[in-house]
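I have placed the structure first, in the form of structure tokens, so that the comments after it can refer back to it.
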Protein chains: 2
Amino acid sequence: MKIEQATIKDIARELNVSSSTVSRALKDYPGISDETKRKVKELAKKLNYRPNAIALSLRKSRSFTIGVIIPEVVHFFFSTVISGIEEVAYSRGYNVILTQTNEKLDREQSSIDTMLSNQIDGFLVSYSKETKDFNHFSRLLDQGYPIVFFDRVPEIPNAINVMVDDYQGAFDAVSHLITQGYSRIVHLAGPKNLKISQERERGYRDALKNYGIAIDEDLIVECPIGTSDEGQKITKSLLDNLKQTPDAFFGNNDMAAVGAMLACKAAGLRVPEDVGIVGFSNWQFCSMIEPSLSSVAQPGFNMGAKATEMLLDIIEKKVNPEEVKEALTLETELLVRKSSVRLKG
Amino acid sequence: MKIEQATIKDIARELNVSSSTVSRALKDYPGISDETKRKVKELAKKLNYRPNAIALSLRKSRSFTIGVIIPEVVHFFFSTVISGIEEVAYSRGYNVILTQTNEKLDREQSSIDTMLSNQIDGFLVSYSKETKDFNHFSRLLDQGYPIVFFDRVPEIPNAINVMVDDYQGAFDAVSHLITQGYSRIVHLAGPKNLKISQERERGYRDALKNYGIAIDEDLIVECPIGTSDEGQKITKSLLDNLKQTPDAFFGNNDMAAVGAMLACKAAGLRVPEDVGIVGFSNWQFCSMIEPSLSSVAQPGFNMGAKATEMLLDIIEKKVNPEEVKEALTLETELLVRKSSVRLKG
DNA sequence: TTTTTTATTGCAATCGTTTGCGTCAACGTT
DNA sequence: AACGTTGACGCAAACGATTGCAATAAAAAA
């Protein structure tokens, strides 16, 4: 049924030359007469010849494909990262095979396996929330597979990491809230095992310290799931139970922040007059809600692009992984919108 | 640097048998002694042997990989579709290679090319807004490549399409608005060349007709881009210029609908009291904004899953493409939220 | 003991492409 | 006339796995 693709052999047979000659003619190797080159190229075009990438991969032991492992595509930030990855990979002649772990460790493992089977040239990884041990990655690194981690990066030796400056982003966000006159600031924190969560919390703490505000551990609450529902419930219970009601929320992520906003409104609190809110990630909806949500923007596209460039540089040996000691940290940008501004500028 | 993967030959050499024996032993073929099988499997495990999928692909002229071509990952709906695709492909032992066209025709073309080079087993396509001519797809179909189109489907013979019932979704949404007492309903339409846009518009028209409401062509406005900014601008200019202000908006997509909501609010109109609004796609933010946005939910995950199942069935010849005459149409669900309810239930 | 059967394994080709090396004829040089 | 050059091309192996067809030895049957 399926029409067979023309191969080099087909061209060779038709022209009564050997496959070697065809191969060389197509690549303009020296030592092939112009006449032959002409005929070969002509026939190749006519037959719509397309090199078989699989055969090439086998021959070269390289697939020109990189594997991307991420938690979820539906996550806005990750989808922008994917765009960045795609863009660079594409322009440098690589394919991207993608798998989501859905935050499951076993998915992560088996994704790695099938990618290895497919002779992937390198990995781009943001690990799952379930992943607390990094042996499976260390092993790959030891075997010499190029891996670049992004956003969610492990703390293992030799790992090459691309991340955003979560600490600074959080620090800026909280500092902004403080200068707007908020002082009892809740932090809706992320899962403790993610370094990004730790860093954001550290930024929160340091900002408070910096302004001489005592840290109240009751105001730091973990939101393990990271949905707006969860944020809403947690905020409601905080508002109900805390002796002294908080006057601001810094969300580890935008969903949690929106949840907080909804819960505050439901409790009759005005945003930003009574309560200031800042999120993290700058999802598209931030500017679509009312009041619009201030948020720390992460350069997702850029992160994907940078990570991919590093990976490909390593793959193509333009760069020695041993020499890439430091992690690449990208700047965040605090986008101040209405939800956190109560002073006239 | 990179540690070589163990191959069948390695096992064969070490055990002083031929590669054929190893191959057969690994697959439990009859005619290999239990003793040999044991030794082979043992060594395979020890060497962490993993079959080389590339070599297999070359041999079998199949890659166990399907190519997915979509406009944008950042689009919520498409990201849910991807999840559905991934889920099914993964469970049936296929890989997914993904490319976004960013709504560009030339990207679409070159994606197809590289996928063909990579001996993809089949295509899953939602074409770009720029695509107005489907020859490149017809050619593939003629050559016998399995293709399943989803969401944005072309009208070409033999094409296998999976889509949602855009007509019914729109019909339901507009009917709902009418029964809520809105009558001058604007339709923020999509690009005319997309069938989904045409269908949604048709649903809009038929719902009005069905309730005996005359169609005012001035109330049908195309939103080619589909961002909230665009929706906002268009709505503002409608509110400024129409003699008779409209009392409802049915957005071809949620972004446009949110834009309309923002513009209405800015013009001092109350939602839903003065203006009713319904969107399409049910992005996550629909329930996070105020008032929450009614929207027609599309079964994205399900669509991805179904499309992939059909594709794989065709690839594996479980199904004859000639026999799949009709397009598969999935039901939508109107989620009524606050933005369109002004009657007490 | 000779022949037939059965169990176990190996050979070699194949998938499409690349590439080091060899071949062979035509030409130029002395 | 004998030799070296050079231009144009083919041979064959390799990448890793599969598989139809032998092949070999041991066991069973005659």
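Naming: A, B, ... by sequence-line order, numbering from 1 per chain. Treat the numbers as computed from the prediction; the structure is a model and nothing was measured.
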d([atom1], [X]; [atom2], [N]) in whole Å:
| X | N | atom1 | atom2 | answer |
| --- | --- | --- | --- | --- |
| B:Glu4 | D:dC15 | CD | P | 10 Å |
| A:Leu15 | D:dA8 | CG | P | 16 Å |
| B:Asp28 | C:dT8 | CG | P | 13 Å |
| A:Lys37 | D:dG7 | NZ | P | 12 Å |
| B:Arg13 | D:dA17 | CZ | P | 12 Å |

Classify the nucleic acid contact of [X] as base, sugar-phosphate or nothing, counting any heavy atom under 4.0 Å across all strands shown.
| X | result |
| --- | --- |
| A:Asn16 | sugar-phosphate |
| B:Asp34 | nothing |
| A:Lys9 | base |
| A:Ser20 | base |
| B:Val22 | nothing |

B:Arg152 charged N/C atom sitting above B:Phe149 aromatic ring, 6.0 Å / 45° =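 Cation-pi check for B:Arg152 and B:Phe149: fails.
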
ask   = Out of D:dC9, D:dT18, C:dT18, which has the shortest distance to the side chain of A:Ser33?
value =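 The answer is D:dC9, which lies nearest to the side chain.
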
ask   = Looking at DNA chain D, which of residues 42-59 of chain A put a heavy atom within less than 4.0 Å of it?
value =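 Of all residues in residues 42-59 of chain A, the ones placing a heavy atom under 4.0 Å from DNA chain D are A:Leu58, A:Arg59.
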
request  = Answer yes or no: does atom NZ of B:Lys104 have more than 12 heavy-atom neighbours from other residues, nucleotides or ligands under 6.0 Å?
outcome  =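 No, NZ of B:Lys104 has 12 or fewer neighbouring heavy atoms, counting only those of other groups under 6.0 Å.
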
key: Whether over 12 other heavy atoms sit under 6.0 Å from B:Glu155 CD   =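 It does not: B:Glu155 CD has 12 such atoms or fewer within range.
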
query = Any chance the side chains of B:Gln119 and B:Ser57 put a donor and an acceptor closer than 3.5 Å?
reply =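 The answer is no; no qualifying pair exists.
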
ask   = Do you see a donor-acceptor pair shorter than 3.5 Å between the side chains of A:Ser111 and A:Thr99?
value =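 Yes - a donor-acceptor pair under 3.5 Å links their side chains.
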
Geometric class of the A:Phe150/A:Phe78 ring pair [parallel <30°, tilted 30-60°, perpendicular >60°] =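 Perpendicular, since the angle between the ring planes exceeds 60°.
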
